[in-house]
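Read through the structure below, which is laid out as structure tokens, and then see the notes.
By convention in this document, chain letters (A, B, ...) are assigned in the order of the sequence lines, proteins followed by strands, and residues within each chain are numbered from 1.
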Amino acid sequence: MKLIIAIIQPDKLEEVKEELYRVEVNLITVSEVLGHGRQKGVTEIYRGAKESGNLLRKVRLEIAVNENFVEPTVNAIIKGAKTGETGDGKIFILDLKECIRIRTEERGSLAIG
Amino acid sequence: MINAGDTAWVLISAALVMLMTPGLAFFYGGMVRKKNVLSVLMQCFIVLCLLSVQWVLYGYSISFAPGEGFWGGFKWFGLNGVGLEPYSDYAATIPHQAFMIFQAMFAIITPALIIGAFAERMKFSAFLIFILLWSTFVYGPVCHWVWGVGGWLRKLGALDFAGGTVVHINAGIAALATALVIGKRKNIEKNIPAPHNMSFVVLGTALLWFGWFGFNAGSALAANGLAVNAFVVTNTAAAAAGLSWAFIEWIRNGKPTIFGAASGAVAGLVAITPAAGFVSVIPAILIGILVSVFCFISVGIVKPRMGYDDALDAFGVHCIGGIWGALATGLFASKAVNSAGADGLFFGNPKQFIIQLAAVGATLIYSFVATTIIYKVIDLIMVVRVNEKEEAMGLDLTQHHERACTVLE
């Protein structure tokens, strides 16, 4: 089992969701986060006080999948989120020790899908 | 002779109408995505600043200085000759400058209404030039035609009590023109952006409704029975339209929404605007109920099929509602309400309906064509639309370097 964490541009969320549904990945958690990588953020100015390098809005996806879904999920995220510009985001893949569905108390691979 | 009561009422009304522009800012601001809310607030606010100055310099003169056919010209430049004595062709019992500042607030909110069509994708610099040119070459002439001494629609006998043609049809059709030339927002086909703050929309609606008492009842230009009639029918039409829209949704979509009730109320206020000084309360209810039907069809059925991106429905509510209001005035107007007005079709005077049609048609054509030309000219000098990256990031950060709310302190 893997946990896939992806950071993408907020306006790419719909396209990424659509690509994920296409490969039958339906279970995702989405949150709004702030961050910047190479893109270096933006300048904000408040009554003349300049704050540079401020964080940009991003969307973070968390998707837990079984091994055979890892590549399709990664490809779907790339397909939906890639523009070729800096700021497209990143995908992290982590080993997932355990997964428990609260309703049924099922564990492991069974609980993911 | 200056009348103290009249003057007090017109000054209060001017202040009420002033409040409508910030009210509109919240009405529109709540509807956009949160990355663009400040851009809408800023656009509305800067229109208030920019056109307040433009109006006293030359805007009032081109709109209201007596007659050169196309517009009033520059003889009242810098309020030269616009003093504290009444100017009886417009209002015989209040200082001329009271009439001037009341009209200033109309000249401010009208261009601000157009913002709803091109929201979330226009450069701020281009916006400023657009507003100044539109106000000069569209609002000024149309206002002069309908309300100015020597204006040809005024001579023709067109009835527009508080601005159905001058304000709402004019701004509404300009909104459609800008929506067509600027094009759709990116990535909205699959995911139509939901309003980011519905509470702002309701707050804005309430401020608009409140301010509209100044807009319509103040247009009597006196503290008299006519002002009371306008006040009563304004409130009635807004209420009827709010109910109507909510019930239409209930029947069609299964649930009534606050967004629908608010949109209906605004549509009702739009529709009653030209009629407020000429119709009584039963026609006001009919005007209100029906405007929601027409506007609902326009924004909910026609717009999605036609595919233009009038982002916040400035055309769908203000132009459609304004056309209905102007024509309804030709149907329901009655000399029993206002002896200085005229009878409409249902009171035995079909000619008035034809005159109203002519006024509507002239405004639609002139405003649509002139707005398109203005946009294209600015687009030649500087690209009016922001680039894709700026649009994706949002106008608050890219046009103003600020954001409405912090996510982390």
*Atom CD1 of Ile192(B): over 12 foreign heavy atoms under 6.0 Å*: no
*Return yes when atom CD of Glu67(A) has more than 12 non-hydrogen atoms of other residues, nucleotides or ligands closer than 6.0 Å, and no otherwise.*
yes
*Got more than 12 heavy atoms from elsewhere within 6.0 Å of CG, Leu380(B)?*
yes
*chain B contacts: which residues in residues 19-27 of chain A have a non-hydrogen atom closer than 4.5 Å to it?*
none
_Spacing of Lys186(B) atom NZ and Asp11(A) atom CG [to the nearest 0.5 Å]_ = 11.5 Å
*Contacts with chain A made by residues 26-45 of chain B (heavy-atom distance under 4.5 Å), listed by residue number*: Lys34(B), Lys35(B)
*Measuring heavy-atom distances to chain B, does Leu34(A) have an atom under 4.5 Å in its side chain, in its backbone, in both, or in neither?*
side chain
*Gap separating the CG atom of Asn187(B) from the CD atom of Glu14(A), nearest 0.5 angstrom*: 9.5 Å
*State whether the number of non-hydrogen atoms from other residues, nucleotides or ligands found under 6.0 Å of Lys79(A) atom NZ is greater than 12.*
no
*With Glu44(A) as reference, evaluate Arg403(B), Glu402(B), His400(B) under the side chain to side chain contact (heavy atoms under 4.5 Å, CB included) test and give the passing residue.*
Arg403(B)
*So does Glu32(A) have more than 12 non-hydrogen atoms from other groups sitting under 6.0 Å from CD?*
yes
*asked:* With a sphere of 6.0 Å drawn around CZ of Arg107(A), does it hold more than 12 non-hydrogen atoms of other residues, nucleotides or ligands?
replied: no
